[in-house]
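Comments concern the structure below.
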2 protein chains.
Amino acid sequence: MVDIIIDKGSPVPQYFQLQTSLIEQIEQGVFKPNDKIPTEAEIQNMTGLARATIRQAIQNLVNMGYLERRRRLGTFVLDRVQSGKKQTIIGVLVPDIRSGYSPELARGAGDEAAQNRHSIILCNTDDLYVKANYHVEHLIETGVSGIIFVPTASPDEKNLDLIEKFKRKNIPVVLADRLIPGLDIDSVTTDNFDGAYSLTRYLIDKGHQQIGIILSMLFSTERERLAGYQKALTESRLDVDPDLVVTSEGPFSEKDYREHARSLLKQHKKMSAIFAGHDRIAFIIAAMAHKMRIDIPGEISLAGYDDLPFTNSHPVGLTTMHQPIYEIGQQSMNLILSRIRGKKSAPKKIVLQSYLVERSSVATILK
Amino acid sequence: MVDIIIDKGSPVPQYFQLQTSLIEQIEQGVFKPNDKIPTEAEIQNMTGLARATIRQAIQNLVNMGYLERRRRLGTFVLDRVQSGKKQTIIGVLVPDIRSGYSPELARGAGDEAAQNRHSIILCNTDDLYVKANYHVEHLIETGVSGIIFVPTASPDEKNLDLIEKFKRKNIPVVLADRLIPGLDIDSVTTDNFDGAYSLTRYLIDKGHQQIGIILSMLFSTERERLAGYQKALTESRLDVDPDLVVTSEGPFSEKDYREHARSLLKQHKKMSAIFAGHDRIAFIIAAMAHKMRIDIPGEISLAGYDDLPFTNSHPVGLTTMHQPIYEIGQQSMNLILSRIRGKKSAPKKIVLQSYLVERSSVATILK
DNA sequence: ATTGTCCAATTGTATAGACAATTATACAAA
DNA sequence: TTTGTATAATTGTCTATACAATTGGACAAT
């Protein structure tokens with residue numbers, strides 16, 4: 001039965017009490033869609049409130065999309081679809097949807113969002129702060145409910161600055177794939193240290209003793225991979241030859257990496273295997289080796305990292321660490337959705353495991 | 001100067017007159033962002049209206065995002081950005097953001113949207129009607145302003161059905177890359193007929209007389225390519241050998257295509273070149289040829305279609321038709337934005353040109 | 001069957017006035 | 001310096017009341 005009680009003594013405004021009471025009854029189904037609620041006069045009799053007060057409450061519910069007034073007929077409850085809860089949209093900021101793992105990540109996030117009847121707005125940052133910032137402002141204006149963010153290649157404080165903007169608006173953020181040192185926030189990553197360690201161990205077990213490595217130092221992911229590589233070597237009492245460690249501070253540029261690949265391959269007599277920081281470098285190395293007439297894996301073995309979707313169909317047959325990128329996207333979405341639903345708890349740091357995919361680019365060396 | 005005149009005799013409600021007058025003065029810059037407007041008491045003196053009436057007008061402007069009340073301080077004009085006009089969001093429906101040309105297309109559309117301060121909601125259809133339909137409903141609920149749609153692999157009437165749903169809601173739609181026969185609607189495509197014709201001519205000019213082809217018949221694009229191939233052959237008085245035309249009715253499946261590739265390659269003595277319907281098939285053929293120890297281009301030449309982003313870095317060195325996918329995305333976005341801005345004119349059908357990218361997979365045959 | 005007129009219910013607009021809550025500011029007290 | 005307190009300006013909440021506008025439905029006129 002209809003039942004509205006107003007506590008005149010409460011500090012809660014009476015129009016607000018009425019409003020809350022009505023919403024409750026609508027959501028609990030006392031008033032169903034298309035039902036007519038009591039007229040203003042009736043509510044006046046029931047509650048003793050002034051009509052203006054009642055109107056204020058009802059007007060708010062009309063603005064919120066719960067009710068609809070029809071002159072001479074009364075006030076009616078709107079359908080669920082139209083009422084209240086608007087669509088939830090999650091912003092996804094990735095470096096570049098065309099390449100690397102971004103498509104896979106976006107796909108995982110998108111599928112998971114779709115399953116929960118939400119959508120993603122996709123933004124390319126090109127790993128640049130300015131572009132990311134542009135999208136950040138825009139996403140906030142658009143009113144997204146949450147953000148999945150792959151930090152850009154900019155300095156940490158720049159990335160922090162972007163995250164801060166969301167925090168100020170109470171929009172939850174999940175970091176995907178890359179971390180920002182010292183920042184305690186929800187994240188979904190893979191264990192790059194452990195992955196690189198396992199991969200290097202694998203190479204060592206195959207008999208390789210001189211292992212070159214080439215990677216960028218821009219991201220937490222690759223820095224961890226370098227650390228894993230170093231640990232595996234020192235653990236096996238092998239020297240880390242600084243000549244064989246080629247790092248780059250700059251962002252990924254096809255041309256730079258070709259140069260790096262060439263300079264490393266020039267020393268190919270000094271080593272039996274190369275650990276490429278990620279598959280794209282691996283393929284550049286493979287192409288360069290082909291050009292320099294160095295046979296893989298005959299003369300030198302090659303291992304990658306990522307196992308990108310097309311790695312599988314690439315004729316090099318690259319042995320690489322498979323990263324569960326799709327799952328990163330999924331889990332990031334799940335995490336952000338649980339935050340949007342209001343879950344309060346300490347930041348959750350999900351770390352997924354990678355696994356080795358053996359193809360044909362690594363040879364076994366007989367001692 | 002501040003100046004509010006209310007006509008008490010007018011049938012226009014006085015609160016509405018006040019409201020309109022205030023909006024006008026805000027938009028004309030009499031009140032600038034962060035300015036304080038007169039207090040309720042002052043307006044009362046200026047107009048002679050009751051405070052409740054004034055409040056009603058002001059409350060509406062607060063709801064509309066023009067004003068902000070600050071207790072004890074007064075009522076202030078908000079920034080333009082926050083006020084009124086909501087963000088425009090464009091839905092983009094692609095087969096699969098992970099593979100093929102979708103990432104490039106989404107990137108083109110996304111960049112163009114960003115330049116115009118809009119966003120894209122990205123949806124993967126997997127070329128399935130049901131998934132597309134799911135997203136369609138959701139996009140409509142979300143209130144997107146326009147749609148860029150790559151038709152699914154479903155029958156035409158299913159795709160028409162999806163488009164119809166948008167039309168009913170007056171949401172403009174642009175078809176990207178693929179067409180639906182008989183449908184007169186905005187579209188951005190490439191000239192597949194002409195492209196395939198040129199590519200086949202190129203092969204013929206290189207001395208190839210027996211040219212196999214393998215493609216799917218599911219999409220308008222590939223059907224046109226087949227037609228272009230046939231035209232080039234007959235024009236040069238070469239027979240179209242039905243044994244060398246391998247078509248598939250089903251959707252793209254790695255396994256099926258491997259089988260098709262194998263059966264075509266078994267006949268490799270009968271031909272000197274293969275025209276692969278798109279690059280992904282081309283790479284499957286290349287991998288299969290490698291397995292069967294058939295040298296490309298030594299024993300057989302191979303040409304693709306699409307020039308996907310990674311084709312370039314693929315060691316096969318595939319000669320292929322470059323499709324301006326990024327531009328398709330851009331132009332689609334431009335077209336949809338002009339429709340959203342209200343442009344009325346006959347459906348515009350933009351056809352972009354492809355061009356040949358010569359790499360090393362096609363040999364010249366000496367006669 | 002269509003059109004016109006009136007009625008009554010209900011929401012829409014408006015006035016006048018009262019007191020409450022909030023908060024920037026200034027000033028006092030610790 | 002910090003903390004508490006008073007003040008006044010302004011918006012926030014609420015009552016009581018009146019008349020206007022809209023409109024479904026009944027009924028009459030054409």
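Every chain is numbered from 1, with letters handed out A, B, ... down the list of sequences.
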- Please check the phosphate of C/dG12 (OP1 and OP2 only) for any side-chain N or O of A/Arg69 closer than 4.0 Å. yes
What protein N or O atoms touch nucleotides 16-24 of chain C N or O atoms at under 3.5 angstrom, if any, and at what distances?
residue, atom, partner, partner atom, Å
C/dA18, N6, B/Arg51, NH1, 3.4

- Check whether NZ of the Lys or CZ of the Arg A/Arg70 lies under 6.0 Å from the centre of the six-membered ring of A/Phe76 and within 45 degrees of that ring's axis. yes
- Message: Would you say B/Thr53 places a side-chain N or O within less than 4.0 Å of OP1 or OP2 belonging to C/dT15?
- Response: yes
- Task: Return the value, rounded to whole Å, for the distance between atom CD1 of A/Ile54 and atom P of D/dC14.
- Result: 11 Å
- Message: In whole Å, I'd like the distance from the NZ atom of A/Lys36 to the C1' atom of C/dT11.
- Response: 11 Å
- Query: OP1 or OP2 of D/dC14 less than 4.0 angstrom from a side-chain nitrogen or oxygen of A/Gln14, does that happen here?
  - Reply: yes
- Query: Whole Å only: how far is the CD atom of A/Glu40 from the C1' atom of D/dA21?
  - Reply: 14 Å
- Message: Taking A/Val130's backbone N and O only, do any of them form a donor-acceptor pair with A/Asn133's side chain (distance below 3.5 Å, no angle check)?
- Response: no
- For D/dT10, does either OP1 or OP2 sit under 4.0 Å from a side-chain N or O belonging to B/Thr75? no
- If you draw a 6.0 Å radius around NZ in A/Lys158, do more than 12 non-hydrogen atoms from other residues or ligands fall strictly inside? no
- Query: Within this structure, what is the CZ-to-P distance between B/Arg55 and D/dT13, rounded to whole angstrom?
  - Reply: 7 Å
- Message: Rounded to whole Å, how long is the line connecting atom CD of B/Gln19 with atom P of C/dA14?
- Response: 11 Å
- Atom CZ of A/Phe76 to atom P of C/dT10: distance rounded to whole Å? 10 Å
- Value in whole Å for how far the P atom of C/dT10 lies from CG of A/Leu67: 16 Å
